[in-house]
Amino acid sequence: MRIGIVILPEHRWWVAEPKWRAADEYGFDHAWTYDHLGWRSLVDGPWFAAVPTLTAAAMVTSRIRLGTWVASPTFRHPVPFARELLTVDDVSDGRFTLGIGAGGLAGYDTTVLGGQPWSLGERSARFAEFVELLDQLLVAERTTWQGRYYAADQARSAPGCVQRPRIPFVVAANGPRTMRTAARFGQGWVTTGSGGETVDEWWRGVAELAERFTSALVDQGRDPSTVDRYLNLDSAPVYSLSSVDCFRDAVGRAAELGFTDVVAHWPRGDGFYAGSETVLEQVAADVLPEVRAG
């Protein structure tokens, strides 16, 4: 089991930098940041771009993997985005993972560019094209490609990714169409669960989704044991870092369901993911060594 931490891109770098350094020093396996133009009730507050943040984080860390949690087609085109990904992969010396998902049906990201929000069907179809074209762009030296929503004409990719054949994709998927995309292109799969008013209901939903993803991999002719499985612990009704015991229990339940990785959020002072950094420090000191020893 590997354990990751999300650091929201809401702080000026003089505040954010120590958090990224600490995540590396504490021994977390991976660290992530949100890839949004604005997020929920935090949309009116400070917010910074994901790729520059991760590039800066790469310069002040040495071991930990870094990634987007998660990028989407909502405000991106695969061709320029591929160049950004090549860059952060190079600066991090191959420590970058692309977390990628279809994006939400509503919210600031879907309206800020002035267009109409996409339907669920269009969003899923765009996502499938987006991932397929990104895959081509990050592998081939030149890419000419034509889809319904995206295209590329002799797009160059020199010097290519540090990681070969390309950076790993961890694909967020809960529905059948996005699961097919994850099963086809993902080196990893991430889920937020399917909701639930209680913790037990949420875990039952997670178990059902894990079974569906196994079926999707089999349908694609892939060995389920070769694809990593990530769980966003803080989609549950209870914040995973509300206590050390809560976190330890969540890690154990995820392991029982076959997840290889879990991800929590750095405690904030209030609102979303409100908690104490003391709990984070205790988890780093006590739970991370337990997980590795186990």
*Asks:* Looking at R156 and E141, would you say the former's side chain and the latter's main chain have a donor-acceptor pair under 3.5 Å?
*Replies:* no

*Asks:* For E201, does its backbone N or O pair with a side-chain atom of T198 as donor and acceptor, under 3.5 Å?
*Replies:* yes

*Asks:* For the residue pair R229 and F259, would you count it as a cation-pi contact if the rule is NZ or CZ under 6.0 angstrom from the ring centre and within 45 degrees of the ring axis?
*Replies:* no

*Asks:* Is there a donor in the side chain of N232 and an acceptor in the side chain of S235, or the other way round, less than 3.5 Å apart?
*Replies:* yes

*Asks:* With distance as the sole criterion, is a donor-acceptor pair present between the side chains of S225 and D223 under 3.5 Å?
*Replies:* yes

*Asks:* Between the side chains of E25 and R21, is the shortest nitrogen-to-carboxylate-oxygen separation below 4.0 Å, so that they form an ion pair?
*Replies:* no

*Asks:* Is a side-chain N or O of T191 found less than 3.5 angstrom from the main chain of N174, in a donor-acceptor match?
*Replies:* no

*Asks:* Hey, is the main chain of V170 close enough, under 3.5 Å, to the side chain of Q187 for a donor-acceptor pair?
*Replies:* no

*Asks:* Could you check whether R204 pairs with E208 (Lys NZ or Arg NE/NH1/NH2 to Asp/Glu carboxylate O, under 4.0 Å)?
*Replies:* no

*Asks:* When you measure from the side chain of D261 to the backbone N and O of I3, does any donor-acceptor pair fall under 3.5 Å?
*Replies:* no

*Asks:* Check whether S242 reaches the backbone of V238 with its side chain - one donor and one acceptor, N or O, closer than 3.5 Å.
*Replies:* no

*Asks:* Would W266 and F48 show up in the same hydrophobic cluster when neighbours are defined by side-chain heavy atoms closer than 4.5 Å?
*Replies:* no

*Asks:* Ignoring hydrogens, what is the shortest heavy-atom contact between F130 and P78? Give both atom names and the distance.
*Replies:* CD1-CG, 3.4 Å

*Asks:* Salt bridge check, R2 against D228: does any charged N sit closer than 4.0 Å to a carboxylate O?
*Replies:* yes

*Asks:* Between D200 and R253, does any NZ, NE, NH1 or NH2 come within less than 4.0 Å of an OD or OE carboxylate oxygen?
*Replies:* yes

*Asks:* Given H265, which of Y34, Y239, F272 fulfils the ring pair (Phe, Tyr, Trp, His ring centres under 6.0 Å) condition?
*Replies:* Y34

*Asks:* Check whether any side-chain N or O of R65 sits under 3.5 Å from a backbone N or O of F96 as a donor-acceptor pair, and report yes or no.
*Replies:* yes

*Asks:* Check E132 with R184, please: is the shortest side-chain N to carboxylate O separation under 4.0 Å?
*Replies:* yes

*Asks:* If every non-hydrogen atom of G99 is compared with every non-hydrogen atom of T68, which pair is closest and at what distance?
*Replies:* O-OG1, 2.8 Å

*Asks:* Under 4.0 Å between a side-chain nitrogen and a carboxylate oxygen: does that hold for R95 and D89?
*Replies:* no

*Asks:* For the residue pair Y108 and H36, is the inter-centroid distance of their aromatic rings smaller than 6.0 Å?
*Replies:* no

*Asks:* Has E129 got a side-chain atom pairing as donor or acceptor with Y150's backbone, closer than 3.5 angstrom?
*Replies:* yes

*Asks:* Hey, which of I7, D35, L66 is the one that makes side-chain contact (heavy atoms from CB on, under 4.5 Å) with L54?
*Replies:* L66

*Asks:* Is the closest basic N to carboxylate O distance between D135 and R166 below 4.0 Å?
*Replies:* yes

*Asks:* List the atom of V227, the atom of G186, and the distance in Å for their closest heavy-atom pair.
*Replies:* CG1-O, 4.1 Å

*Asks:* When you check the gap from the basic side-chain N to the acidic O, do E277 and R268 get nearer than 4.0 Å?
*Replies:* no

*Asks:* Does a donor on one side chain sit under 3.5 Å from an acceptor on the other, for T74 and R123?
*Replies:* yes

*Asks:* With a 4.0 Å cut-off, would you call R292 and D29 a salt bridge?
*Replies:* yes

*Asks:* Check A82 against L137 and note the closest heavy-atom contact, atom names and distance.
*Replies:* CB-CB, 3.9 Å

*Asks:* If we count only N and O atoms by modelled type, under 3.5 Å, do the side chains of T144 and Q154 hold a donor and an acceptor together?
*Replies:* yes

*Asks:* Quick check: does any side chain N or O of E122 sit under 3.5 Å from a backbone N or O of W118, one acting as donor and the other as acceptor?
*Replies:* no

*Asks:* How close do W189 and M179 get, counting heavy atoms only, and between which atoms?
*Replies:* CZ2-CE, 3.9 Å

*Asks:* Under 3.5 Å, is there a donor-acceptor pair between the side chain of T61 and the main chain of R63?
*Replies:* no

